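Values in this document were obtained by computation on a predicted structure and should not be read as measured data. Protein chains get the first letters and strands the later ones, always in sequence-line order, with residue 1 at the start of each.
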Number of protein chains: 2
Amino acid sequence: MLLKLSSSSILGLLTWRPMSGYELKREIEGSLQNFWSESFGQLYPNLHMLNQAHLISGLPPDEATKRQKKVYQITDAGREALRGWIATDPASRPPRDELLLKLFFASEGGPDVVRDHSRHAREKALVKLRRYKAIREQIQSLNSHQERAKYWLMTLSLGISQTQNFIHWCDETLDEFTELGR
Amino acid sequence: MLLKLSSSSILGLLTWRPMSGYELKREIEGSLQNFWSESFGQLYPNLHMLNQAHLISGLPPDEATKRQKKVYQITDAGREALRGWIATDPASRPPRDELLLKLFFASEGGPDVVRDHSRHAREKALVKLRRYKAIREQIQSLNSHQERAKYWLMTLSLGISQTQNFIHWCDETLDEFTELGR
DNA sequence: CCGAGCATGTAACCTGTTACATGATTCG
DNA sequence: CGAATCATGTAACAGGTTACATGCTCGG
């Protein structure tokens with residue numbers, strides 16, 4: 001069973017607990033935001049496809065809350081497909097970094113452009129870093145016998161160190177190009 | 001004049017010297033490979049659009065080599081548009097990192113998957129790092145009165161430190177998850 | 001009752017890649 | 001002369017976002 005890239009996050013999240021499309025979106029924007037995103041326009045069609053492929057199945061609607069919410073759970077075939085997908089070599093998307101492209105050609109704009117961009121990028125990175133650290137606290141505070149925590153912290157630690165390194169680079173760049181501006 | 005994202009690299013490169021579509025592609029795969037890419041299917045149509053918008057103009061074909069090569073140069077309006085584009089705040093694309101998504105859900109696959117992926121990623125990062133350093137040598141060895149070099153080295157230094165940091169993280173991860181595998 | 005958030009879905013659009021078609025030139 | 005590379009281009013497709021349409025439910 002071949003698994004589409006845009007379906008993998010769904011299956012992954014459904015290993016946690018059964019969820020609806022809306023809940024999945026919230027979870028993606030919460031837990032996966034740092035390295036993944038998915039739009040409703042992609043999510044709902046994918047949900048239908050996964051259902052048809054029997055990798056997920058719909059739960060019967062809750063009697064108590066007669067909401068029109070559709071809750072899905074992962075099937076055994078789904079878990080199988082997910083495991084297969086996880087094990088295969090990850091493909092890297094063609095690079096497209098707008099900030100770096102602008103900085104690369106920034107000699108056309110002068111040192112001020114570099115200063116402005118790196119200052120702004122630094123601000124955003126700081127926000128990101130604070131968010132990362134808050135998540136880390138959260139994970140560490142929940143029961144440590146959660147086996148998944150180890151894996152989550154591993155990905156987090158990459159995000160934190162990359163962001164810290166980026167901030168450091170912003171500082172250096174800022175130094176170098178504000179001298180030039182004077 | 002609003003500049004399309006996929007056209008900006010063309011204008012940027014044409015500030016170096018007049019080039020044909022084919023040469024632009026080569027230059028993108030050479031100098032910009034670490035943060036940018038462009039396919040022919042995008043490049044040639046964009047070239048036509050930029051030409052029609054008078055941001056670039058075709059050079060008369062060389063008499064000596066009667067090749068069917070079409071060489072373009074950037075116009076004043078093109079330089080203007082490029083400067084404007086460089087100065088505007090860069091947008092960041094929605095994140096999509098397949099490796100991190102797999103590692104995040106790797107508790108489904110076990111420690112071996114983590115080990116395999118980080119080992120492989122480390123290999124690729126090492127190759128990248130060597131390439132980065134070779135480029136740095138090259139830039140530093142060309143005449144230092146090239147004003148652009150300062151900008152190029154700035155973007156390079158980010159690439160190098162991010163890659164080094166990534167390799168370091170791979171080592172840590174490898175350590176942690178090979179212990180688990182035993 | 002009304003607005004915010006819950007909830008599902010679709011159609012139009014944009015961007016970008018892949019695969020293909022075509023032909024010239026250079027070098028061994 | 002044949003293969004590799006130079007060189008330009010297009011059509012089909014895949015992937016993804018945005019904007020819209022629709023309606024429910026809960027709290028104030």
Side-chain angles (χ1 to χ4, degrees), chain A residues 2-10 13-14 18-30 32-33 35-52 56 58-72 85 90-98 101, chain B residues 2-10 13 18-30 32-33 35-52 56 58-59 61-72 85 90-98 101:
Chain A
L2 246 135
L3 189 55
K4 267 179 51 171
L5 189 56
S6 49
S7 297
S8 48
S9 59
I10 298 176
L13 289 172
L14 290 184
M19 279 185 245
S20 67
Y22 200 81
E23 288 176 282
L24 282 163
K25 184 74 200 292
R26 241 209 270 96
E27 212 55 75
I28 288 168
E29 272 166 5
L32 311 185
Q33 68 181 312
F35 47 85
W36 208 257
S37 70
E38 212 76 54
S39 64
F40 281 125
Q42 194 92 328
L43 197 53
Y44 283 114
N46 272 332
L47 235 25
H48 294 313
M49 276 187 268
L50 288 172
N51 195 24
Q52 279 202 311
I56 63 176
L59 282 181
D62 195 344
E63 293 298 315
T65 70
K66 60 258 185 263
R67 283 245 180 173
Q68 83 281 26
K69 188 163 68 164
K70 293 180 191 169
V71 178
Y72 297 94
W85 174 79
S92 45
R93 308 255 113 225
R96 235 127 202 281
D97 189 318
E98 206 178 323
L101 189 61
Chain B
L2 247 133
L3 190 55
K4 266 178 49 171
L5 189 57
S6 49
S7 297
S8 49
S9 60
I10 298 174
L13 289 171
M19 280 185 245
S20 66
Y22 200 82
E23 288 175 283
L24 283 163
K25 183 77 200 290
R26 241 208 271 96
E27 212 58 72
I28 289 168
E29 272 166 5
L32 311 185
Q33 69 181 312
F35 47 86
W36 208 256
S37 69
E38 213 76 55
S39 65
F40 280 125
Q42 193 92 329
L43 197 53
Y44 284 115
N46 272 332
L47 236 25
H48 293 314
M49 276 186 267
L50 288 171
N51 195 24
Q52 279 201 312
I56 62 175
L59 282 182
D62 193 344
E63 293 298 315
T65 69
K66 59 257 184 262
R67 282 241 181 179
Q68 82 280 28
K69 186 164 67 167
K70 292 180 191 169
V71 178
Y72 296 94
W85 175 79
S92 46
R93 306 256 111 225
R96 235 128 203 282
D97 189 318
E98 205 178 322
L101 189 62

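For A/Y44, the ring-ring contact (aromatic ring centres under 6.0 Å, His included) test picks out A/F40, with sequence neighbours left out.
Nucleotide D/dT17 holds its P atom 15 Å from the CG atom of B/L5, rounded to whole Å. Between the P atom of C/dG16 and the CD atom of A/E98 lies a distance of 10 Å, rounded to the nearest Å. Taking atom CG on A/L59 and atom P on C/dT8, their separation rounds to 12 Å, with Å as the unit. Rounded to an integer number of Å, the gap from B/K25 NZ to D/dA7 C1' is 12 Å. Whole-Å rounding puts the A/R26 CZ to C/dA4 P distance at 18 Å. When rounded to the nearest whole Å, the span between CG of B/L43 and P of C/dT17 equals 11 Å. Rounded to an integer number of Å, the gap from NZ of B/K69 to C1' of C/dT25 is 12 Å.
Residue contacts shown for B/R93 are absent, as no nucleic acid heavy atom lies under 4.0 Å away.
Looking at the side chain of A/S37, the nearest of the listed nucleotides D/dG16, D/dT17, C/dA7 is D/dT17.
In this structure, A/Y22 reaches the C/dC6 phosphate: one of its side-chain N or O atoms is under 4.0 Å from OP1 or OP2. Using a 4.0 Å cut-off, some side-chain N or O of B/S6 falls inside it from OP1 or OP2 of C/dG16. Side-chain nitrogen and oxygen atoms of A/S20 include at least one within less than 4.0 Å of the OP1 or OP2 phosphate oxygen of C/dT8.
Fit an axis to the five pairs at each end of the helix from C/dC1-D/dG28 to C/dG28-D/dC1 and the two axes sit 20° apart, to the nearest 10 degrees.
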Pairwise N/O distances under 3.5 Å, protein to nucleotides 9-14 of chain D:
residue: D/dG9; atom: OP1; partner: B/K70; partner atom: NZ; Å: 2.4

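Remark: the A/S39 side chain and the A/Q42 side chain contain no N/O donor-acceptor pair separated by less than 3.5 Å.
Between B/E38 and A/R96, at least one side-chain N (NZ, or NE/NH1/NH2) sits under 4.0 Å from a carboxylate O, which counts as a salt bridge.
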